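Note sheet for the following structure.
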2 protein chains.
Amino acid sequence: MQCNQFLNRMFSKACEYGIKAAIFIALKSYQGERVSLKDIAAKINSPEAFTAKILQKLAKNNIVNSVKGAAGGFEIEKHKIASIQLAEIVDAIDGDSIYIGCGLGLNKCSEDHPCPVHHKFAAVREELKKMLESTNLEELALGIKSGASYLRT
Amino acid sequence: MQCNQFLNRMFSKACEYGIKAAIFIALKSYQGERVSLKDIAAKINSPEAFTAKILQKLAKNNIVNSVKGAAGGFEIEKHKIASIQLAEIVDAIDGDSIYIGCGLGLNKCSEDHPCPVHHKFAAVREELKKMLESTNLEELALGIKSGASYLRT
DNA sequence: TTTAATTCGGACAATTTTATCCTATTTAAT
DNA sequence: ATTAAATAGGATAAAATTGTCCGAATTAAA
């Protein structure tokens with residue numbers, strides 16, 4: 001069935017592109033450079049028009065600044081980079097749903113009325129949440145800068 | 001964008017239905033009862049025809065037995081119930097992809113050439129994997145039987 | 001002021017996932 | 001044998017996600 005859930009893909013494609021785009025923009029912003037959609041899509045290996053939609057979301061959520069017109073592009077204020085959590089990017093693109101939703105899709109699932117996997121998954125989800133909230137854009141950008149990690153292929 | 005990834009939905013719908021169906025079948029099998037697709041769909045609140053496809057996968061993966069004809073239905077051999085891991089059900093439906101795939105969709109992502117979130121996500125994924133592999137159908141079915149957990153609403 | 005580079009945003013298209021329909025096949029019971 | 005109750009499975013449809021196209025708006029620079 002080739003489903004694209006957690007085991008296959010931790011994030012939606014939109015999220016993947018959004019995270020990588022934000023990292024690249026942060027990296028360039030540290031160098032005082034503004035980057036165009038075209039450059040971003042090329043660097044992170046993503047479809048340009050689709051990436052544009054995602055950047056619009058990041059802009060509307062005040063994660064990146066967009067500048068229209070010639071010599072325009074995207075940037076992030078340097079002083080903000082270290083304070084932007086991975087969780088914020090994910091929330092901007094996928095919505096703030098880390099706190100809600102049942103692992104098995106029950107409409108009503110709580111401590112009082114749990115689904116069969118409620119407690120077991122709560123632990124994993126909590127760990128993911130903590131990780132997203134304790135990871136910021138700065139450290140991810142520094143990883144790229146130092147050559148410790150990569151944005152494509 | 002309302003994407004249906006981890007934060008929204010840990011599993012695909014297909015997986016959700018498959019897990020719940022397996023739990024219900026296990027529960028009934030303990031009582032020596034075989035259950036029909038119709039009963040399963042009603043109890044787990046899932047679309048019948050779609051659930052049928054998923055049960056076919058579980059049957060082909062030898063997780064459940066299907067019996068055709070009048071008085072047919074689905075069942076799981078009692079002695080197997082405790083040995084069926086959640087991970088097996090997920091694998092049967094979504095494929096064995098827990099060990100592969102990059103959090104950010106890189107084609108090549110490894111210790112040598114990691115994506116920016118490689119190490120952070122590896123930890124979370126590993127925990128999920130362990131949880132799936134250490135949870136079996138029996139305990140989930142017993143939770144339902146004892147009233148400690150629920151399959152719907 | 002014109003041009004070129006750029007983002008914005010609406011409409012549309014392709015793909016994947018989810019869901020439905022219908023016929024064939026199997027099997028217990030009459 | 002016939003019938004009724006089931007699963008199997010192919011074809012199709014609907015919905016969600018992903019991806020594309022294009023004109024409008026904006027802005028720096030010639």
Side-chain angles (χ1 to χ4, degrees), chain A residues 1-18 20-21 25 28 33-42 44-61 63-76 93-95 97 104-105, chain B residues 1-18 20-21 25 28 33-42 44-61 63-76 93-95 97 104-105:
Chain A
M1 187 165 278
Q2 285 299 83
C3 110
N4 70 342
Q5 297 305 306
F6 189 87
L7 305 176
N8 290 290
R9 187 136 47 76
M10 195 166 291
F11 295 120
S12 63
K13 276 288 173 192
C15 248
E16 287 181 7
Y17 298 150
K20 289 193 279 190
I25 297 168
K28 289 298 185 178
E33 293 177 32
R34 182 182 293 162
V35 283
S36 70
L37 166 64
K38 207 173 155 191
D39 284 349
I40 295 169
I44 71 175
N45 195 27
S46 67
E48 216 174 291
F50 189 44
T51 306
K53 309 292 188 190
I54 298 161
L55 287 169
Q56 283 175 32
K57 283 198 175 189
L58 294 182
K60 278 172 186 154
N61 281 269
I63 291 169
V64 305
N65 295 133
S66 78
V67 180
K68 283 185 178 182
F74 299 87
E75 62 193 11
I76 304 177
I93 297 168
D94 283 351
S97 36
L104 294 185
Chain B
M1 190 164 278
Q2 285 298 84
C3 110
N4 69 344
Q5 296 306 307
F6 188 86
L7 304 178
N8 290 291
R9 186 133 50 75
M10 195 167 291
F11 295 119
S12 64
K13 276 287 172 192
C15 248
E16 286 181 7
Y17 298 150
K20 290 194 278 189
I25 296 167
K28 290 298 185 177
E33 293 177 32
R34 183 183 291 162
V35 284
S36 70
L37 167 63
K38 208 174 153 191
D39 284 349
I40 295 168
I44 71 175
N45 194 28
S46 68
E48 217 175 290
F50 188 46
T51 306
K53 307 293 188 192
I54 298 160
L55 287 169
Q56 283 175 33
K57 283 198 175 189
L58 293 182
K60 277 173 185 153
N61 282 270
I63 291 169
V64 305
N65 295 132
S66 77
V67 180
K68 283 188 179 181
F74 298 88
E75 62 193 10
I76 304 177
I93 296 168
D94 283 350
S97 37
L104 294 185

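Throughout, a chain's letter reflects where its sequence line sits, starting with A, and its residues are numbered from 1. Any value given below was found using the heavy atoms of this structure, including those in side chains, with hydrogens, waters and symmetry copies removed. What you are looking at is a predicted structure, and each value in this text was computed from that prediction instead of being measured.
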Distance check needed: C:dT17 C1' versus B:Asp94 CG, whole Å only.
11 Å

Among D:dT18, D:dT7, C:dT18, which nucleotide has an atom closest to any side-chain atom of B:Ala14?
C:dT18

Can you check the A:Phe74 CZ to C:dC8 C1' distance for me, whole Å?
9 Å

N/O (side chain, B:Tyr17) to phosphate O (OP1/OP2, C:dT18) under 4.0 Å:
no

A:Lys53 has its side chain closest, among D:dG10, C:dG10, C:dT6, to C:dG10

Between atom CD1 in B:Ile44 and atom P in C:dT18, what is the gap in whole Å?
14 Å

Measure from the side chain of B:Phe50, starting at C-beta and using heavy atoms only, and say which of C:dT18, C:dC21, D:dA4 lies closest.
C:dT18

Taking only side-chain nitrogens and oxygens of B:Gln56, does any of them come within less than 4.0 Å of OP1 or OP2 of D:dT7?
no

Rounded off to whole Å, could you give me the CG-to-C1' distance for the A:Asn65 and D:dT27 pair?
16 Å

Would you compute the distance between atom OH of A:Tyr17 and atom CG of B:Leu104 and round it to the nearest 0.5 angstrom?
11.5 Å

Relative to the 5' end of DNA chain C, which residue comes earlier, B:Pro47 or A:Leu55, by the nucleotide with the nearest heavy atom?
A:Leu55

Hey, which sits more toward the 5' end of DNA chain C by its nearest nucleotide, A:Gly69 or B:Lys68?
A:Gly69

What is the distance from atom CD1 of B:Ile76 to atom CG of B:Asn65, rounded to the nearest 0.5 Å?
8.0 Å

B:Asp39 has an atom CG; how far is it from atom C1' of D:dA6, in whole Å?
12 Å

Go through D:dT18, C:dT7, D:dT27 for me and flag the one nearest to the A:Leu37 side chain.
C:dT7

With a 4.0 Å cutoff (strictly under), does any side-chain N or O of A:Ser66 reach OP1 or OP2 of C:dC8?
yes

Whole Å only: how far is the CG atom of B:Leu58 from the P atom of D:dT7?
14 Å

With rounding to the nearest 0.5 angstrom, report the NZ to CD1 distance, B:Lys20 to B:Ile40.
13.0 Å

Please report the distance, rounded to the nearest Å, between CD in B:Glu48 and P in D:dA8.
13 Å

When rounded to the nearest 0.5 angstrom, what distance separates OG in B:Ser36 from CD1 in B:Ile25?
10.0 Å

Of the listed C:dT20, D:dT18, D:dC21, the closest approach to the A:Ala49 side chain comes from D:dC21

Nearest heavy atom decides the nucleotide; on that basis, is B:Val67 or A:Thr51 closer to the 5' end of DNA chain D?
B:Val67

Taking only the side-chain nitrogens and oxygens of B:Lys60, find out if one of them lies under 4.0 Å from OP1 or OP2 of D:dG9.
yes

Separation of D:dA5 atom C1' from B:Ile40 atom CD1, nearest Å, is 15 Å

Can you tell me how far apart CG (A:Leu55) and NZ (A:Lys60) are? Round to the nearest 0.5 Å.
11.5 Å

